[in-house]
Amino acid sequence: MNGLSERLTAIALFFEPVALLALRFALAVPFFKSGLTKWDGFGQLSDTTTLLFTHEFRLHIFGAAVPYPFPSLMAWMSGIFEILLPVLLVLGLMTRFSALGLLFMTAIIQLTVPSAWANFHLPWAAMALALVVYGAGQISLDRLLGRWIGDEKAGGGRSYAH
């Protein structure tokens with residue numbers, strides 16, 4: 001039984017860098033695509049985005065539908081972070097920070113659209129949590145920069161190694 005366990009661990013270690021890269025892409029894509037819809041060009045937030053945050057979107061808290069505080073600011077922040085954080089995630093740069101930001105955004109989205117928890121928010125939260133815990137892995141700028149400054153553990157990964 002010990003031999004089988006060791007072989008399975010070796011296989012997991014072999015595929016871990018690719019799995020973490022795939023996880024980063026899987027989480028980044030829906031946020032990036034959503035972010036693209038919020039802009040009418042470089043630095044020009046769409047009127048629809050501002051309208052949605054001002055008049056349509058509500059935070060569902062304790063059974064009440066509460067308007068977004070500072071809707072224009074929230075629209076801008078959403079537009080910026082839905083582009084920036086996925087790009088950082090795909091590059092594997094500041095991965096844990098980026099994943100934590102997307103986890104926070106997922107929580108806000110959950111409060112806005114509570115009915116989509118099972119098909120969208122739960123998988124997004126699980127992916128973000130995994131990246132916060134395990135980091136970007138070996139195929140990342142976090143790892144490359146870590147090696148450059150002498151931190152061999154930068155980028156995370158190697159969750160099975162002891």
Side-chain angles (χ1 to χ4, degrees), residues 12 15-143 145-146 153-160:
F15 285 109
E16 184 179 81
V18 175
L20 288 170
L21 177 63
L23 194 60
R24 292 189 343 245
F25 270 89
L27 181 59
V29 167
F31 283 92
F32 187 78
K33 288 174 81 173
S34 175
L36 290 176
T37 67
K38 291 179 171 56
W39 298 97
D40 280 339
F42 185 77
Q44 181 63 44
L45 195 66
S46 75
D47 294 334
T48 304
T49 299
T50 306
L51 178 79
L52 286 170
F53 276 86
T54 305
H55 299 292
E56 294 294 323
F57 292 162
R58 298 288 182 258
L59 297 172
H60 298 273
I61 303 171
F62 302 117
V66 180
Y68 265 82
F70 312 107
S72 293
L73 176 64
M74 295 295 278
W76 273 93
M77 287 175 54
S78 174
I80 291 168
F81 289 126
E82 282 187 354
I83 296 292
L84 177 65
L85 295 178
V87 168
L88 291 173
L89 207 59
V90 166
L91 294 173
L93 184 61
M94 299 192 312
T95 302
R96 286 185 165 107
F97 167 79
S98 299
L100 194 59
L102 291 177
L103 180 61
F104 178 75
M105 288 181 73
T106 300
I108 299 298
I109 295 166
Q110 172 60 31
L111 291 173
T112 305
V113 188
S115 62
W117 72 272
N119 293 329
F120 298 102
H121 310 154
L122 183 61
W124 294 346
M127 288 186 280
L129 279 172
L131 290 169
V132 168
V133 170
Y134 295 112
Q138 295 180 1
I139 307 171
S140 67
L141 288 178
D142 285 345
R143 182 66 159 195
L145 293 171
K153 293 185 179 182
R158 296 290 170 201
S159 57
Y160 297 98

With a 4.5 Å limit on heavy-atom distance, are the side chains of [X] and [Y] in contact?
X: L20; Y: I139; answer: no
X: F57; Y: I108; answer: no
X: F53; Y: K38; answer: yes
X: L85; Y: F97; answer: yes
X: P17; Y: R143; answer: no
X: L45; Y: D40; answer: no

Side chain T106, main chain L102, donor-acceptor under 3.5 Å: yes
A65 and R58 have their tightest heavy-atom pair at CB-CB, 3.9 Å
Could I get the full list of side-chain contact (heavy atoms from CB on, under 4.5 Å) partners for A116, not counting sequence neighbours? V113, F120, H121
Going from CG on L122 to CE on M127, what distance comes out if it is rounded to the nearest 0.5 angstrom? 9.5 Å
In this structure, CG of L111 is separated from CD1 of I109 (nearest 0.5 Å) by 10.0 Å
Could you give all pairs that pass the ring pair (Phe, Tyr, Trp, His ring centres under 6.0 Å) test and reach residues 15-39, with sequence neighbours left out? F31-W124, W39-W76
Can you name the one residue among L131, L129, L27 that meets side-chain contact (heavy atoms from CB on, under 4.5 Å) with L103? L129
Only one of L89, L88, L100, L141 passes side-chain contact (heavy atoms from CB on, under 4.5 Å) with T95; say which it is. L89
